[in-house]
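Presented below is the structure to which this report refers.
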Amino acid sequence: MSLYAEWRNLCDNHANNDEEIKFWENYLKSEAGIYNEILNNKTDVVEGTVAELAAKYNVSNELFMGFLDGISESVKEELELEAIEADTNVSVKIDWEKLYYNMLGAEAHWLYELQGWDGILSPETRKAITKDFNRSRIVVKEDKVGRNDPCPCGSGKKYKKCCGK
């Protein structure tokens with residue numbers, strides 16, 4: 001079984017709700033620790049084998065695979081997650097603005113509020129990214145055609161007498 005499959009298995013198979021909550025609390029704490037170290041050291045590229053990196057960040061190989069799964073949408077070069085094993089060399093080149101944007105999308109306040117962002121993205125840049133993110137979530141409704149308005153098909157008739165029948 002691949003490391004990615006083991007990670008997915010860990011995510012999906014829990015005996016009860018309490019066990020699942022405990023698993024995610026542990027994972028999110030580990031993930032925050034990894035991001036905190038990366039941000040504080042301003043590490044643009046995370047390189048090494050999965051086993052070495054997992055040991056460096058004090059997590060299991062499966063939890064580090066979860067980190068790779070989470071960051072995979074925020075990197076400059078795509079990761080082939082299914083092919084990664086414990087002895088696979090990985091090179092994760094982080095796109096900081098994309099990462100911050102995706103953290104906003106995941107509503108991961110424990111990550112996008114980390115102090116390490118101060119040295120990587122200026123407060124103005126983070127504010128602009130947040131504004132772009134919020135703007136992307138605004139739903140614009142199309143104007144409704146009233147029954148007595150001209151029909152949008154261009155016939156010149158009222159909507160109620162044409163396409164509104």
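All of these numbers come straight from a predicted model, not from anything done at the bench.
- Sparse packing is recorded around CD of E78, with 12 or fewer heavy atoms of other residues, nucleotides or ligands lying under 6.0 Å away.
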Begin with the C-alpha distance, continue with both residues' side-chain angles, and end with the deciding distance and a verdict on side-chain contact (heavy atoms from CB on, under 4.5 Å) for E47 and V92. CA-CA 6 Å; E47 288 183 301; V92 181; over 6 Å; no

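- The minimum heavy-atom distance linking D149 with K144 is given by the pair OD2-O, 4.5 Å.
- Taking 4.5 Å as the limit, some side-chain heavy atom of E31 sits within range of a side-chain heavy atom of L111.
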Before giving the answer on side-chain contact (heavy atoms from CB on, under 4.5 Å), spell out for I34 and F64 the whole-Å C-alpha distance, their side-chain angles and the decisive distance to 0.1 Å. CA-CA 9 Å; I34 294 169; F64 191 76; 4.1 Å; yes

List the steps, then state whether side-chain contact (heavy atoms from CB on, under 4.5 Å) holds for L81 with M65. CA-CA 8 Å; L81 295 174; M65 187 68 214; 3.6 Å; yes

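- Considering Y100, Y112, F67 in turn, F67 is the only one that fulfils the ring-ring contact (aromatic ring centres under 6.0 Å, His included) rule with Y35.
- By the 6.0 Å contact criterion, NZ on K160 is enclosed, its count of non-hydrogen atoms from other residues, nucleotides or ligands being greater than 12.
- Under the 4.5 Å side-chain criterion, counting only non-hydrogen atoms from C-beta, D18 is not in contact with K22.
- When ring centroids are compared, W24 and Y27 come within the 6.0 Å threshold.
- Side chains of S136 and Y101: a donor on one and an acceptor on the other come within 3.5 Å.
- Cluster annotation: L63 and I21 are assigned to distinct hydrophobic clusters (Ile/Leu/Val/Met/Phe/Trp/Tyr, side-chain heavy-atom contacts under 4.5 Å, transitive).
- Shortest non-hydrogen contact noted between E97 and T125 is OE2-CG2, 3.9 Å.
- Enclosure of atom CD in E82 by more than 12 non-hydrogen atoms of other residues, nucleotides or ligands within 6.0 angstrom is indicated.
- In this structure, the side chains of I129 and W96 stay at 4.5 Å or more apart for every pair of heavy atoms.
- Annotation for E37: atom CD counts as buried by contact number, over 12 foreign heavy atoms lying within 6.0 Å.
- Taking both residues in full, the closest heavy atoms of A83 and T88 are given as O-OG1, 3.9 Å, listed atom of the first, atom of the second, then distance.
- For the atom pair CD (E62) and SG (C11), the distance works out to 10.5 Å, reported to the nearest 0.5 Å.
- Note that CG of D69 is 9.5 Å distant from CG of L79, once rounded to the nearest 0.5 Å.
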Working note: L99 + I71, criterion side-chain contact (heavy atoms from CB on, under 4.5 Å); need CA distance, chi angles, decisive distance, verdict. CA-CA 7 Å; L99 178 62; I71 201 170; 4.1 Å; yes

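- With rounding to the nearest 0.5 angstrom, the CG atom of L114 is 7.0 Å from the CE atom of M103.
- Salt bridge status for D118 with R126: present, with a side-chain N to carboxylate O gap under 4.0 Å.
- Minimum interatomic distance between N102 and E73 (heavy atoms only, all atoms of both residues): ND2-O, 3.3 Å.
- For the pair T49/N89, a side-chain contact is recorded, criterion being any heavy-atom separation below 4.5 Å from C-beta on.
- With contacts defined as side-chain heavy-atom distances shorter than 4.5 Å, the pair V75/K93 does not qualify.
- Proximity of L39 to W117: side-chain heavy atoms (C-beta onward) are separated by under 4.5 Å at one or more points.
- Side-chain contact between V50 and L53: absent, with no pair of heavy atoms (C-beta onward) separated by less than 4.5 Å.
- Considering all non-hydrogen atoms of both residues, K158 and R147 come closest at CB-O, 4.2 Å.
- A86 and N61 get closest at one heavy-atom pair: CB-ND2, 3.5 Å.
- C153 is not listed as a side-chain neighbour of Y159, based on a closest heavy-atom distance of 4.5 Å or more.
- Distance alone, capped at 3.5 Å, places no donor-acceptor pair between the N41 side chain and the T43 backbone.
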